[in-house]
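These numbers come from the heavy atoms of this one structure, side chains and all, not from hydrogens, waters or symmetry mates.
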Amino acid sequence: PGHADCAAMLAEALALARGAGEAELQARALHQQAVLVTQSQSDWVGGEALLAQSQALWQGLGDRRKAYARLRNRAQCWLHLGRREEAMACLAECERAAREDGDGVGQIDTLISLTSMLAVQRRWDDALQANRRCVALCWQRWHRHGLGYALWNAPRLLARLRRPDAAMQLMGFAAGYWTSNFGPLGDDDAADIRRVRGLVRAQRGAARAQALELEGATMDLAAAVQLALRA
C-alpha cells in the first residue's frame, strides 16, 4: 500500500485501540505513525509529537525499556530540528538507563544513534570511540544486527581520520556481511561505499584502495571486529 493507505490504516488502528482502551496497541500505532510521517514527509515536528505520546503510554504501562526506545527516537527528531544539545543529552541519559537496566539492546541502539549524531557534527574521533563501544558490546552479546550497523559505520569515520587502510578493508567486509545476513544494499548504502572509496583513493591511490577492499571482503568476522576495535 501507498503512504496514504498506510496512514489511513494506522489511523483506524489507533482509533480502535483507543476505543478498546488498549494502551499498548495505541503506543505501537503512534510509533508507526511517527515512522511514516518522518520517513515519507520529513515531518520531524509531527513525528516527535507522536513519539512523545507513545513514550507516555509506555511509561504508564511501566515498560521502561520501550519508553526509553521512544525517547531515543525523539532525540533523532530533535537532531533534524537543530536541537543538537538536547538530542545529545537525551542519548547520554538513554545509554545510562540502559546500562543500569542491563538492557544490552538499548545500549546498542543508543550507541548507533550516538555515532550517527556525532558524525553529523563532524566529530569524527568522538564518533569512532562511540562506535568502538558499540562493536565491543555487540560482539560480547553476539548481536549480529547491531554488528552490521557498527561495522558499516566505522569505515567512513576511519577514512575521515586518515586511516585509509582499515577504512577500506572494513568497508569491503561490511558490505558483504550486510548483504549475506540482512539483504541487498540500498541506494544510500551504495553512496556510502562510493564516499569511502573516494576518500581512500585520495589518500592511497585507486589501485591500493581496490586491493584493500578485496582484502576486507575475504576477512572473517572475528578479524573484522578486532580491526574495528583497534584501528
Side-chain angles (χ1 to χ4, degrees), residues 1-84 86-117 120 134 138 141-150 152 178 181-189:
H3 291 146
D5 292 334
C6 288
M9 287 188 288
L10 286 171
E12 182 180 4
L14 180 58
L16 290 170
R18 282 175 172 159
E22 289 285 349
E24 180 175 337
L25 293 178
Q26 291 177 60
R28 294 183 185 280
L30 286 162
H31 177 214
Q32 292 304 311
Q33 284 184 323
V35 171
L36 185 65
V37 301
T38 54
Q39 298 305 310
S40 66
Q41 304 169 32
S42 297
D43 180 3
W44 305 106
V45 173
E48 195 275 339
L50 292 165
L51 290 165
Q53 294 178 59
S54 181
Q55 180 190 347
L57 285 164
W58 286 121
Q59 286 173 332
L61 289 165
D63 194 324
R64 177 179 162 98
R65 292 188 179 186
K66 285 193 173 62
Y68 270 106
R70 298 295 78 78
L71 183 57
R72 286 195 299 272
N73 297 148
R74 292 176 70 193
Q76 292 161 356
C77 293
W78 293 335
L79 181 66
H80 284 281
L81 293 169
R83 295 159 60 179
R84 289 184 176 179
E86 194 172 356
M88 294 296 292
C90 169
L91 288 184
E93 167 63 15
C94 288
E95 185 181 3
R96 181 199 61 78
R99 189 167 53 248
E100 286 182 357
D101 290 349
D103 178 9
V105 174
Q107 285 181 265
I108 290 165
D109 288 347
T110 301
L111 287 167
I112 290 170
S113 295
L114 180 60
T115 298
S116 297
M117 286 193 186
V120 167
C134 188
C138 290
R141 291 180 173 264
W142 190 229
H143 194 291
R144 293 168 61 252
H145 199 241
L147 268 177
Y149 277 107
W152 183 270
W178 189 273
N181 289 279
F182 311 116
L185 301 173
D187 292 342
D188 290 344
D189 302 319

Using every non-hydrogen atom in the two residues, find where Gly146 and Ile108 come nearest and quote the distance to one decimal.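 Answer, listing the atom of Gly146 first, then Ile108: CA-CG2, 4.1 Å.
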
Minimum heavy-atom distance Gly148-Phe182, with the two atoms named: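 Closest approach of Gly148 to Phe182: CA-CE1, 4.2 Å.
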
Enumerate the ring pair (Phe, Tyr, Trp, His ring centres under 6.0 Å) contacts for residues 5-26, please, sequence neighbours excluded, ordered by first and then second residue.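 Residue pairs with at least one partner in residues 5-26: there are none.
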
What ring pair (Phe, Tyr, Trp, His ring centres under 6.0 Å) pairs are there with at least one residue in residues 7-45, not counting sequence neighbours?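 Those involving residues 7-45 are Trp44-His80.
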
Any residue meeting side chain to side chain donor-acceptor pair (under 3.5 Å) with [X], in chain and number order, not counting sequence neighbours:
X      : result
Asp189 : none
Asp101 : Arg64
Glu48  : Arg74, Trp78

[X] vs [Y] side-chain heavy atoms within contact, under 4.5 Å:
X      : Y      : result
Trp152 : Leu147 : no
Ile112 : Leu114 : no
Arg84  : Met117 : no

Between atom [atom1] of [X] and atom [atom2] of [Y], what is the distance when rounded to the nearest 0.5 Å?
X      : Y      : atom1 : atom2 : answer
Leu91  : Ser113 : CG    : OG    : 6.0 Å
Cys134 : His143 : SG    : NE2   : 9.0 Å
Leu57  : Gln26  : CG    : CD    : 5.5 Å
Cys77  : Leu51  : SG    : CG    : 5.0 Å
Leu30  : Arg70  : CG    : CZ    : 10.5 Å
Cys94  : Arg65  : SG    : CZ    : 13.5 Å

Would a distance-only check, ignoring hydrogens and angles, find a side-chain to backbone donor-acceptor pair under 3.5 Å from Ser54 to Leu50?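 It does not hold such a pair.
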
Residues in salt bridge (charged side-chain N to carboxylate O under 4.0 Å, His left out) with Arg96, at least two apart?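 Partners of Arg96 under the salt bridge (charged side-chain N to carboxylate O under 4.0 Å, His left out) test: Glu93, Glu100.
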
Output all residues satisfying side-chain contact (heavy atoms from CB on, under 4.5 Å) with Gln107, sequence neighbours left out; order by chain, then residue number.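 Testing Gln107 for side-chain contact (heavy atoms from CB on, under 4.5 Å), a comparison that skips the adjacent residues, returns Ala98, Arg99, Leu137.
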
Ala13: partners by side-chain contact (heavy atoms from CB on, under 4.5 Å), with sequence neighbours left out: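 For Ala13, no residue satisfies side-chain contact (heavy atoms from CB on, under 4.5 Å) once neighbours in sequence are set aside.
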
By ring pair (Phe, Tyr, Trp, His ring centres under 6.0 Å) - contacts of Tyr149 (at least two apart):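 In terms of ring pair (Phe, Tyr, Trp, His ring centres under 6.0 Å), with neighbours along the sequence ignored, Tyr149 is linked to His145, Trp178.
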
Can you pull out every salt bridge (charged side-chain N to carboxylate O under 4.0 Å, His left out) where at least one residue sits in residues 23-41? Sequence neighbours excluded, please.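 Only Glu24-Arg28 qualify under salt bridge (charged side-chain N to carboxylate O under 4.0 Å, His left out).
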
Side-chain donor-acceptor contacts of residues 33-41 below 3.5 Å, not counting sequence neighbours, with atom names and distances?
from	atom 1	to	atom 2	distance (Å)
Thr38	OG1	Ala34	O	2.8
Thr38	OG1	Val35	O	3.1
Ser40	OG	Leu36	O	2.5

Please set out all donor-acceptor pairs under 3.5 angstrom arising from side-chain atoms of residues 14-21, sequence neighbours excluded.
none

